[in-house]
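Everything on this sheet refers to the single structure shown next.
One-based numbering along the sequence shown.
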Amino acid sequence: QVQMVESGGSLVQAGGSLTLSCTASGTSFDSYPMGWFRQAPGKEREGVACIGRLGRSTHYADFTAARFTIARDNDKKTLYLVLRDLKPEDTAMYYCAAVPYYLDCSPPIHTAWGQGTQVTVSS
């Protein structure tokens with residue numbers, strides 16, 4: 001009942017930074033904890049970072065190693081992911097989705113995924 005549109009991905013050199021955005025359409029964006037997920041070719045989708053409904057609580061996957069920051073602006077119905085010190089292994093399609101709880105940051109099974117935004121990191 002909430003449609004997500006991801007943007008901001010691009011080709012970037014290793015060590016560079018990007019800011020990804022996820023804009024929600026529909027109602028009740030601020031009623032949901034949200035998360036960023038990514039999927040590389042041949043790999044399963046994995047959780048990257050999740051954030052509570054009010055944006056005060058966050059969870060990060062270990063591989064982010066303090067390089068990524070998740071944030072949200074409920075007035076704009078937008079979720080952000082700031083990626084810093086990007087590495088080639090960060091190359092993936094990045095998706096956003098609602099999650100039941102910010103600590104439950106595995107890819108939701110019953111989610112209609114959007115088109116995602118491609119992050120490609122070159123060496």
Distance, nearest 0.5 Å, that separates SG of Cys96 from CD1 of Ile70:
9.5 Å
Tell me, with the steps shown, if Leu18 and Ser10 meet side chain to side chain contact (heavy atoms under 4.5 Å, CB included).
CA-CA 8 Å; Leu18 288 172; Ser10 67; 3.2 Å; yes
Treat each ILVMFWY residue as a node, draw an edge where side-chain heavy atoms are under 4.5 Å apart, and state whether Val119 and Val48 are in one component.
yes
Listed partners of Tyr94 passing ring-ring contact (aromatic ring centres under 6.0 Å, His included), at least two apart:
none
What one should report as the nearest heavy-atom pair of Val99 and Pro108 is CG1-CG, 4.1 Å
In terms of heavy-atom contacts, Arg38 and Asp90 come closest through NH1-OD1, 2.9 Å
Treating Ile, Leu, Val, Met, Phe, Trp and Tyr as nodes and any side-chain heavy-atom pair under 4.5 angstrom as an edge, say whether Leu86 and Trp36 lie in one connected cluster.
yes
Rounding to 0.5 Å, atoms CE (Met34) and OG1 (Thr78) come to a distance of 10.0 Å
Kindly give the heavy-atom pair with the smallest separation between Cys50 and Gly35, and that separation in Å.
SG-CA, 3.6 Å
Closest heavy-atom pair, Gly47 versus Ala61, reported as atoms and distance to 0.1 Å, is O-CB, 3.5 Å
Which atoms form the tightest heavy-atom contact between Tyr95 and Gly114, and what is the distance?
CE2-O, 3.4 Å
Glu89, CD: over 12 other non-hydrogen atoms inside 6.0 angstrom
yes
For Leu11 and Ser122: C-alpha separation, side-chain torsions, deciding distance, then whether side chain to side chain contact (heavy atoms under 4.5 Å, CB included) applies.
CA-CA 7 Å; Leu11 174 65; Ser122 62; 4.3 Å; yes
Side-chain donor or acceptor of Thr91 paired with backbone N/O of Val121 under 3.5 Å
yes
Indicate yes or no for a side-chain donor-acceptor contact from Gln39 to the backbone of Ala92 under 3.5 Å, with no hydrogens or angles considered.
no
Quick test of your reading: applying ring-ring contact (aromatic ring centres under 6.0 Å, His included), list the pairs with at least one residue in residues 39-75, sequence neighbours left out, ordered by first then second residue.
none
Can you tell me how far the CG atom of Leu83 sits from the OG1 atom of Thr19, to the nearest 0.5 Å?
7.5 Å
Do any N or O atoms from the side chain of Trp113 and from the backbone of Met4 form a donor-acceptor pair under 3.5 angstrom?
no
Hey, is the main chain of Ser17 close enough, under 3.5 Å, to the side chain of Arg67 for a donor-acceptor pair?
no
Show the nearest heavy-atom pair for residues Tyr32 and Ala98, with the distance to one decimal.
CB-CB, 3.8 Å
If you measure from CG on Leu81 to CD on Glu6, what distance do you get to the nearest 0.5 Å?
11.5 Å
Calculate, to the nearest 0.5 Å, the distance between atoms OG and CZ belonging to Ser106 and Phe37 respectively.
8.0 Å
Leu20-Val12 co-clustered via ILVMFWY side chain contacts under 4.5 Å:
yes
Ring of Phe29, cation from Arg72 - is the NZ or CZ under 6.0 Å from the centre and inside 45° of the axis?
yes
